[in-house]
Amino acid sequence: MSAAGSSSAGVASTATNAASDSETLRRNRILSSKLYFDLPLSKVPLIYSPSYDISFLGIEKLHPFDSSKWGRICRFLIVDGVLDKKHIVEPLEATKEDLLVVHTESYLQSLKSSLNVSIIVEVPPVALLPSCLVQSKVLYPFRKQVGGSILAAKVAKERGWAINVGGGFHHCSGDKGGGFCVYADISLCIHYAFVRLNISRVMIIDLDAHQGNGHEKDFANDRQVYILDMYNPGIYPFDYEAKRYITQKVEVVSGTSTTEYLTKLDEALKVAGSMFEPELVVYNAGTDILDGDPLGRLKISPDGIISRDEKVFRFARGKNIPLVMLTSGGYMKSTARIIADSIVNLSNKGLIDTQASKGKENKNERDS
């Protein structure tokens, strides 16, 4: 072998060893994480914390996203009698070690800059706040939601389904945030499932109006992850590189009607089901497809969104595939009510059960 050939082999070996060390470190971080925990049977697979909601001096009103919608969804469900507050699952906050499973050290370090965070969440006044306030009032709520998305996969594997009333930060990848998405909760959820749940095939069904460029970059050319992304190509993020990594791309242009949208979804789900057999479905259920949404620019009715969610749940539940639902984007105050109505519909159709069994509840009380 020539000197040049020997040198090339040495470089390749070093790169292989580095990749192996990186995977070992990732696996160890996942195995040592406390984000997975066992739920009492009295809890239902609906994950939420009051800490999800972002509220500080009114700055949350400077972004079109309704950062109080998560709490309002749960309040609607409680008032409607569909959910008991004490049956809701509260997740833990994702720690730095948890986040390093996907995120780079340099990216997490960059979040100590209020200016950088203000750019990611698209609220310029955040740049003027001291970092300690940004951490507690902006980033902490996001880290709690990340904990919820990660836990949801475990709960779904055990119960068949789980809804994180939050999460779905699909514009964030391991080394870059944007579009109000600070942490890559979808990618984190899947990596934890790979290691802790012995799962090797995951399907992402991303039906937010915007392209899910974050998870697409994180799973570029990863054959373990099938990505069905149905989005409006005429709006943010215009990420042409990430588009190359979409397994099944369905573009719906501005002004698309409810009937046309649901017809395309039926066809897409049929194709996806014939192309890939997942062991877990992660459903990014953004409601910015709603008619009148200033950013989504589609014309889907409230009933259309409810029907959309039902179709995805029927797709997964009909095949006995555990399903995680994340609420993702939605830029109108009415979306909280629509999401709650959709969850009620899923319950009424027998696709989910939001009522804890009295027997289970009483047994759990005796055991505690």
Side-chain angles (χ1 to χ4, degrees), residues 30 33-49 51-52 70 73-74 77-78 82-94 98 144-170 185-199 201-208 215 278-287 308-328 339-340 342-347 349-357 360 364:
I30 291 171
S33 173
K34 293 180 170 57
L35 293 178
Y36 272 18
F37 56 86
D38 293 329
L39 301 185
L41 291 173
S42 59
K43 297 289 187 180
V44 298
L46 197 138
I47 302 168
Y48 167 74
S49 167
S51 301
Y52 281 16
W70 305 296
I73 292 166
C74 288
L77 292 172
I78 291 166
V82 177
L83 183 67
D84 190 313
K85 185 177 180 180
K86 67 176 180 286
H87 296 153
I88 296 173
V89 178
E90 176 154 0
L92 299 173
E93 173 195 4
D98 296 323
K144 284 285 278 190
Q145 293 190 47
V146 170
S149 295
I150 291 171
L151 175 62
K154 177 183 187 293
V155 178
K157 180 79 182 294
E158 294 169 350
R159 307 280 189 93
W161 64 276
I163 298 173
N164 182 21
V165 186
F169 306 129
H170 65 159
D185 67 317
I186 294 175
S187 302
L188 285 159
C189 168
I190 292 170
H191 278 292
Y192 274 70
F194 283 158
V195 174
R196 296 283 287 266
L197 303 179
N198 198 28
I199 279 172
R201 297 187 308 279
V202 177
M203 179 181 289
I204 299 172
I205 300 178
D206 195 337
L207 301 187
D208 187 276
H215 58 71
E279 297 167 290
L280 175 71
V281 168
V282 178
Y283 172 36
N284 200 45
T287 46
R308 175 200 69 170
D309 293 349
E310 182 180 332
K311 287 176 184 293
V312 176
F313 269 77
R314 288 194 183 282
F315 169 81
R317 303 290 275 147
K319 299 174 183 289
N320 291 317
I321 304 166
L323 180 146
V324 168
M325 173 176 162
L326 311 171
T327 57
S328 200
I339 294 167
S342 182
I343 293 171
V344 171
N345 177 65
L346 293 171
S347 179
K349 296 293 176 63
L351 293 167
I352 65 173
D353 183 2
T354 58
Q355 300 294 323
S357 161
K360 293 176 183 176
N364 192 259

Quick one, Ile205 and Phe315 - any side-chain contact, counting heavy atoms below 4.5 Å?
yes

Could you tell me which non-hydrogen atom of Ala285 sits nearest to which non-hydrogen atom of Arg308, and how far apart they are?
O-NH2, 3.3 Å

Looking only at non-hydrogen atoms, find the nearest pair between Tyr52 and Pro91 and report the distance.
OH-CG, 3.5 Å

Check whether any side-chain heavy atom of Ser51 sits under 4.5 Å from a side-chain heavy atom of Glu93, and report yes or no.
no

What residues, two or more places apart in sequence or in another chain, satisfy salt bridge (charged side-chain N to carboxylate O under 4.0 Å, His left out) together with Glu90?
Lys144

Is it true that a side-chain atom of Ser347 and a backbone atom of Asp353 form a donor plus acceptor pair closer than 3.5 Å?
no

Under 3.5 Å donor-acceptor, Arg317 side chain and Gly350 backbone:
no

Should Val155 and Val89 be marked as a side chain to side chain contact (heavy atoms under 4.5 Å, CB included) after you check the CA-CA gap, both sets of side-chain angles, and the distance that decides it?
CA-CA 10 Å; Val155 178; Val89 178; 5.6 Å; no

So, applying side chain to side chain contact (heavy atoms under 4.5 Å, CB included) with Ile73, which one of Leu83, Ile339, Leu46, Ile78 is it?
Ile339

In short, Val282 meets Cys189 closest at the heavy-atom pair CG2-SG, 4.3 Å

Is there side-chain contact between Phe194 and Val202, with at least one heavy-atom pair below 4.5 Å?
yes

OH of Tyr192 to OG of Ser187, rounded to nearest 0.5 Å, is 12.5 Å

Where Ala316 and Val281 come nearest, the two heavy atoms and their spacing:
CB-CG2, 4.4 Å

Is any side-chain heavy atom of Tyr48 less than 4.5 Å from a side-chain heavy atom of Thr327?
no

Roughly how far apart are Ser342 OG and Ile352 CD1, rounded to 0.5 Å?
8.0 Å

Just jot down the side chain to side chain donor-acceptor pair (under 3.5 Å) partners of Asp185, sequence neighbours excluded, or say none.
Ser149

Kindly say whether Arg314 contributes a backbone atom to a donor-acceptor pair with the side chain of Lys319 at under 3.5 angstrom?
no

State the CG-NZ distance between Leu92 and Lys34, to the nearest 0.5 angstrom.
9.5 Å

Nearest heavy-atom contact between Arg196 and Ile30 is NH1-O, 2.7 Å

Side chains of Leu207 and Val312, heavy atoms from C-beta outward: is any pair under 4.5 Å?
yes

Taking atom NZ of Lys349 and atom CZ of Phe313, what is their separation to the nearest 0.5 Å?
13.0 Å

Determine, stepwise, if the pair Ile321 / Leu323 fulfils side chain to side chain contact (heavy atoms under 4.5 Å, CB included).
CA-CA 6 Å; Ile321 304 166; Leu323 180 146; over 6 Å; no

So how far is it from Leu77 CG to His87 NE2, rounded to the nearest 0.5 Å?
14.0 Å

Are side-chain heavy atoms of Asp98 and Leu188 found at a separation under 4.5 Å?
no

How would you list, by chain and number, every residue that makes a side-chain contact (heavy atoms from CB on, under 4.5 Å) with Leu197, sequence neighbours excluded?
Tyr36, Ala153, Lys154, Lys157, Ala193, Ile199

Within the 4.5 Å heavy-atom criterion, are Arg159 and Leu41 side-chain neighbours or not?
yes

Flag the pair Asn345 / Asp309 as yes when at least one side-chain heavy-atom distance between them is below 4.5 Å, and no otherwise.
no

Nearest-0.5 Å distance, OH of residue Tyr283 to CG of residue Asp206
9.5 Å

Establish, from distance only, whether the side-chain atoms of Asn284 and His215 form a donor-acceptor pair under 3.5 Å.
no

